[in-house]
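What follows is a single structure, written as structure tokens, with notes after it.
Here is how names work: the chains are called A, B, and so on, in the same order as the sequence lines, proteins then strands, and each is numbered from 1.
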Protein chains: 2
Amino acid sequence: MKRENFSRKRQAILEAIRGTEVHPTAEWVYQAVKPQYPDLSLGTVYRNIARFKEEGLILSIGVVQGQERFDGDIHPHNHFICSECGSVLDLTERYLSDDVHQILSQKYGAQVVSHELIFRGVCQECSEKSVSSGKKGA
Amino acid sequence: MKRENFSRKRQAILEAIRGTEVHPTAEWVYQAVKPQYPDLSLGTVYRNIARFKEEGLILSIGVVQGQERFDGDIHPHNHFICSECGSVLDLTERYLSDDVHQILSQKYGAQVVSHELIFRGVCQECSEKSVSSGKKGA
DNA sequence: AATGCCATCGAGAATAATTCTTATTTTTAT
DNA sequence: ATAAAAATAAGAATTATTCTCGATGGCATT
């Protein structure tokens, strides 16, 4: 009875987001799904991403270099963002237990429901580039 | 000899950002400084904000509801962002020591230089509104 | 006070990501 | 098969931000 209400394109968009580690932009998703559905529209990607976010199927990492980045892995984990190339990496370390939400909620009278922890710096690849081109390393 | 290189408008923009707790947008800063300098241009606000960021005089909290938010307090601290009204609050609790940067840098071969920890949820004010209007509470 | 020099600025055009609108197409229920 | 509902394509519209460039401001030297 209960319908899945998932069109093929919608499904393909979700799978594209879930099936990559790059924490893609809307444009990336569009380019990724386009080959399979050549009549895909960028508006459809945006519309469905907004929907996935509301439904909790994906998460937003935030805006990196002017473009919003998404994550199909909704398990709690943290990220590292490279200031040079904008790449987003997953970090497996856990730093905060979820009871901090409770504690903060009580202290501030708010409803704290989630947190995000983002580390910033220069990734290994960009660090090496900088060294070889003499930008920083020596 | 060494000139301060700070025009009055630039100084006023920096002071506006430093003198508020609201973690303002560029537009907010523009409106705040405009009365004192009626010929202020929004482009000047953006230009100087970009410069302050590069110089490390202010920090970017990230994009909230489509607008970038800034913080004149560069001491390490964390934030709570209300998903309803977009307000940004300071949290004084410290959760991470800075040696995690070292540890992560070694583990990933990157240069981790900073982190940001953001809690999300509904602030007290918005929570109360929701209750009285029957949106969630009752 | 006048001059020269650059940093800074204003105004608005340009850009780019995202959202919105509407007609059309696809999907689902009957 | 057909009608109703949901989803989509195309592109216009919106909006925050950046860019361009001619004009202005502020300081140093005269």
Please check if any side-chain donor atom of H77(B) sits under 3.5 Å from a side-chain acceptor atom of D71(B), or the reverse. yes

Spacing between R51(B) atom CZ and dT8(C) atom P, to the nearest angstrom: 4 Å

Ring centre gap for F119(A) and Y95(A) strictly below 6.0 Å: yes

To the nearest Å, give me how far apart CG (N48(A)) and P (dT26(C)) are. 16 Å

Could you check how far OH of Y30(A) sits from C1' of dG11(D), rounded to whole Å? 12 Å

Taking only side-chain nitrogens and oxygens of T44(B), does any of them come within less than 4.0 Å of OP1 or OP2 of dG10(C)? yes

Under-4.0 Å side-chain N/O to phosphate OP1/OP2 contact, R47(B) with dT8(C): no

Distance in angstrom units between L42(B) CG and dT15(D) C1', rounded: 12 Å

Taken to the nearest whole Å, CD/Q65(B) to C1'/dT19(C) is 15 Å

For atom CH2 of W28(B) and atom P of dT17(D), their distance in whole Å: 16 Å

How close do F70(A) and A26(A) get, heavy atom to heavy atom, and via which atoms? CE1-N, 4.0 Å

Let's see if you can work this out: which of dA9(D), dT18(C), dC9(C) has an atom nearest to the side-chain heavy atoms of D39(A)? dA9(D)

Phosphate oxygens OP1/OP2 of dT8(D): is one of them under 4.0 Å from a side-chain N or O of R8(A)? no

Which is more 5' along DNA chain D, the nucleotide nearest K34(A) or the one nearest Q67(B)? Just name the residue. K34(A)

Provide, to the nearest angstrom, the distance between the OH atom belonging to Y37(A) and the P atom belonging to dT25(C). 19 Å

Atom pair distance, as rounded to whole Å: CD in Q11(A) and P in dT26(C): 19 Å

Presence of S7(A) side-chain N/O under 4.0 Å of dA6(D) phosphate oxygens OP1/OP2: no

salt_bridge(K107(B), E93(A)) N-O dist < 4.0 Å: yes

Would you please confirm or rule out a distance under 4.0 Å between OP1 or OP2 of dT18(D) and any side-chain N or O of Y46(B)? no

With a 4.0 Å limit, can you tell me whether K9(A) has a side-chain N or O closer than that to the phosphate oxygens OP1/OP2 of dA9(D)? yes

Report which part of the nucleic acid E68(A) touches: base, sugar-phosphate, or nothing (heavy-atom distance under 4.0 Å, all strands). sugar-phosphate

Taking every non-hydrogen atom, the tightest pair across L40(A) and Y30(A): O-CE1, 3.3 Å

